[in-house]
Trainee: 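Have a look at the structure that comes next, please.
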Amino acid sequence: MRQYLQCGRFGFSLEKRALVMGILNTTPDSFSDGGRFQSLEFAVSRAEEMISEGVDMIDIGGESSRPGAPPVSLEQELGRVMPVLYALRDMGKPLSVDTYKPQVMREAILAGVDMINDINGFRAPGALEAVAGSDCALCVMHMQGSPQDMQKDPVYGDVVAEVTAFLRERVDALLAAGIERERICIDPGFGFGKTVEHNYALLRNIGKMQQALGLPVLAGVSRKSMIGAVTGKPVEQRLAGNIGGALAAIAHGARIVRVHDVVETVDAVKVWHAATIP
Ligand code: 7PJ
């Protein structure tokens with residue numbers, strides 16, 4: 001199946017190899033101390049480092065979506081994300097913004113963002129309208145509940161079937177809004193309203209979801225509790241587990257992996273491809 005992704009200024013043929021998306025956090029809790037300028041400087045230097053490490057795209061996030069994390073205001077999120085987006089705009093790599101707020105989507109698109117990554121699957125009122133008239137890629141992710149309550153007691157009958165049905169409904173909504181199919185990728189949303197068992201059932205069935213919808217799959221397992229549950233390791237000792245998870249996702253058909261550990265994952269993916277694609 002042809003897998004192409006239109007991604008703003010860029011276009012990717014995903015048959016050749018999987019892409020590594022590096023996570024760039026702009027939330028203050030990821031910096032040693034406060035101060036907006038210091039945060040900006042830190043984000044730009046981390047982005048430069050990721051580029052030197054071979055990252056394929058950079059995902060800029062201004063709101064923590066960890067379970068239980070409090071929401072941030074529109075002004076706060078724009079204040080974190082937009083300066084970073086402008087600063088990285090001409091570094092030659094596709095830039096993604098991780099947001100569910102239509103107003104952030106609009107501002108990011110005006111600033112030339114190449115992908116909008118929405119953990120809420122473009123369900124907010126105005127989200128489809130915000131992204132319809134652009135050429136950026138759209139990552140549609142599944143989440144059960146909201147970041148505040150999603151891990152309380154996630155329940156599914158058939159998790160793979162339900163996540164697939166949700167993604168199909170959202171993709172149909174995007175297509176009905178006039179969005180080109182080649183702009184869309186899908187994501188089962190590891191850790192977003194799922195138990196460890198749900199997460200591994202989804203990981204094992206990435207290929208099934210990819211084939212059901214005929215769209216590229218993006219997978220984000222990096223540092224998540226599903227890695228900790230299997231390895232018994234705290235988040236700062238999950239590097240090997242994270243790489244194992246990324247390669248497993250690719251083996252099952254994912255074409256973009258969203259990771260913190262860029263240099264290690266880039267090398268692992270290179271070896272994976274040398275061993276699998278002649
Ligand atoms: C994901 C995301 C993910 C997509 C986050 C974290 C939580 N976007 N944003 N997929 N996770 N598309 O990185 O631990 O899995 S934030």
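Counting begins at 1 with the first residue of the sequence. Side chains are part of it too, since the values below use all heavy atoms of this structure and drop only hydrogens, waters and symmetry mates.
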Trainee: Are any of the side-chain heavy atoms of Leu78 and Val104 separated by less than 4.5 Å?
Mentor: yes
Trainee: Here's a test for you: under side-chain hydrogen bond (donor to acceptor under 3.5 Å, both in side chains), which of Asp187, Thr99, Asp59 qualifies with Asn117?
Mentor: Asp59
Trainee: Given side chains that start at C-beta, do those of Leu88 and Leu24 come closer than 4.5 Å, heavy atoms only?
Mentor: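 They are in contact (side-chain heavy atoms under 4.5 Å apart), so the answer is yes.
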Trainee: Are the side chain of Gln210 and the backbone of Pro216 linked by a donor-acceptor contact shorter than 3.5 Å?
Mentor: no
Trainee: Determine whether Val140 and Met150 fall in the same hydrophobic cluster, where Ile, Leu, Val, Met, Phe, Trp and Tyr are linked whenever their side-chain heavy atoms lie under 4.5 Å apart.
Mentor: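 No; tracing contacts between hydrophobic side chains, which count when under 4.5 Å, never links both residues.
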Trainee: Do you know the tightest heavy-atom contact between Thr231 and Ile227?
Mentor: OG1-O, 2.8 Å
Trainee: Under 3.5 Å, side chain of Glu15 to main-chain N/O of Gln3, donor-acceptor pair present?
Mentor: yes
Trainee: Can you give me the closest heavy-atom contact between Leu5 and Met115, atom names plus distance?
Mentor: CD2-CE, 3.9 Å
Trainee: Could you tell me whether Arg80 and Glu77 make a salt bridge, using a distance below 4.0 angstrom between a side-chain N and a carboxylate O?
Mentor: no
Trainee: May I ask you to decide if Glu264's main-chain N or O and Asp267's side chain share a donor-acceptor pair within less than 3.5 Å?
Mentor: no
Trainee: If you measure from CD1 on Ile186 to CG on Leu213, what distance do you get to the nearest 0.5 Å?
Mentor: 4.5 Å
Trainee: Do Arg9 and Arg89 touch side chain to side chain, with heavy atoms closer than 4.5 Å?
Mentor: yes
Trainee: I'd like to know if Val221 and Val160 are part of one continuous hydrophobic network [Ile/Leu/Val/Met/Phe/Trp/Tyr, side-chain heavy atoms within less than 4.5 Å].
Mentor: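 Same hydrophobic cluster.
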Trainee: Evaluate side-chain contact (heavy atoms from CB on, under 4.5 Å) for Asp118 paired with Met105, printing each intermediate quantity in order.
Mentor: CA-CA 9 Å; Asp118 184 358; Met105 296 177 190; 3.4 Å; yes
Trainee: Please report the interatomic distance CD1(Ile109) to CZ(Arg106), rounded to the nearest 0.5 Å.
Mentor: 8.0 Å
Trainee: Would the distance check show the side chain of Asn242 and the main-chain N or O of Arg223 forming a donor-acceptor pair, the cut-off being under 3.5 Å?
Mentor: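 Indeed, once roles are kept as given, a pair shorter than 3.5 Å links the two residues.
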Trainee: Test Met91 against Val44 for side-chain contact (heavy atoms from CB on, under 4.5 Å), laying out the working first.
Mentor: CA-CA 10 Å; Met91 290 191 179; Val44 171; 4.0 Å; yes
Trainee: Before accepting this row, confirm whether a basic side-chain N of the pair Asp56/Arg17 lies closer than 4.0 Å to the acidic partner's carboxylate O.
Mentor: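 Answer for the salt bridge query: yes.
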Trainee: Quick one: closest heavy-atom pair of Ala111 and Leu85, and the distance?
Mentor: CB-CD2, 3.9 Å
Trainee: Determine, step by step, whether Leu40 and Val84 satisfy the side-chain contact (heavy atoms from CB on, under 4.5 Å) criterion, reporting the C-alpha distance in whole Å, the side-chain angles of both residues, the deciding distance to 0.1 Å, and the verdict.
Mentor: CA-CA 6 Å; Leu40 177 61; Val84 176; 3.8 Å; yes
Trainee: With a 4.5 Å cut-off on side-chain heavy atoms, are Val163 and Gln144 touching?
Mentor: no
Trainee: Do you reckon Ile60 sits in the same ILVMFWY cluster as Val257, going by side-chain contacts under 4.5 Å, direct or chained?
Mentor: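 In one cluster with Ile60: Val257, yes.
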Trainee: Tell me whether Ile206 is reachable from Tyr156 by hopping between hydrophobic residues (I, L, V, M, F, W, Y) whose side-chain heavy atoms are closer than 4.5 Å.
Mentor: yes
Trainee: How about Pro71 and Glu63: do any of their side-chain heavy atoms sit closer than 4.5 Å?
Mentor: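 Pro71 reaches Glu63 side chain to side chain.
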Trainee: When you measure from the side chain of Arg238 to the backbone of Lys224, do you find a donor-acceptor pair of N or O atoms at a distance under 3.5 Å?
Mentor: yes
Trainee: Just how far is it from atom CZ of Arg183 to atom CG of Leu215, taken to the nearest 0.5 Å?
Mentor: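 Spacing of CZ (Arg183) from CG (Leu215) equals 13.0 Å.
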Trainee: Give me the atom names and distance for the closest heavy-atom approach of His273 to Ala18.
Mentor: NE2-N, 2.9 Å
Trainee: Let me know which of Lys194, Arg170, Glu162 forms a side-chain hydrogen bond (donor to acceptor under 3.5 Å, both in side chains) with His142.
Mentor: Lys194
Trainee: Would you give the length of the straight line joining atom CG of Leu202 to atom CZ of Phe192, rounded to the nearest 0.5 angstrom?
Mentor: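 The distance works out to 13.0 Å.
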Trainee: Treating Ile, Leu, Val, Met, Phe, Trp and Tyr as nodes and any side-chain heavy-atom pair under 4.5 angstrom as an edge, say whether Met209 and Phe190 lie in one connected cluster.
Mentor: yes
Trainee: Is there side-chain contact between Ile256 and Cys139, with heavy atoms separated by less than 4.5 Å?
Mentor: no
Trainee: Roughly how far, to the nearest 0.5 Å, is OG of Ser134 from CD1 of Ile179?
Mentor: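 Reported value, rounded in 0.5 Å steps: 7.5 Å.
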Trainee: Between Ala246 and Thr265, what is the shortest heavy-atom contact and its length?
Mentor: CB-CG2, 4.1 Å
Trainee: Thr195 side chain to His198 main-chain N or O, any donor-acceptor pair under 3.5 Å?
Mentor: yes
Trainee: Is there a side-chain contact (heavy atoms from CB on, under 4.5 Å) between Thr164 and Asn205? Walk through the geometry before answering.
Mentor: CA-CA 10 Å; Thr164 305; Asn205 285 282; over 6 Å; no
Trainee: Nearest 0.5 Å please: distance from the CE atom of Met57 over to the CG atom of Leu19.
Mentor: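 Reported to 0.5 Å precision, the distance equals 5.0 Å.
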Trainee: For the residue pair Val196 and Ala229, what are the closest heavy atoms and their distance?
Mentor: CG2-CB, 3.6 Å
Trainee: State, yes or no, whether a side-chain contact exists between Ile250 and Arg255 at a heavy-atom distance under 4.5 Å.
Mentor: yes
Trainee: Regarding Lys93 and Asp114, does a basic nitrogen lie under 4.0 Å from an acidic carboxylate oxygen?
Mentor: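 Answer for the salt bridge query: no.
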Trainee: Any side-chain heavy atom of Cys136 within less than 4.5 Å of one from Leu138?
Mentor: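 Yes, at least one pair of side-chain atoms sits under 4.5 Å.
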Trainee: If only atom types and distance count, is the side chain of Ser13 paired as donor or acceptor with the main-chain N or O of Tyr4 below 3.5 Å?
Mentor: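 Side chain of Ser13 to backbone of Tyr4: no pair is present.
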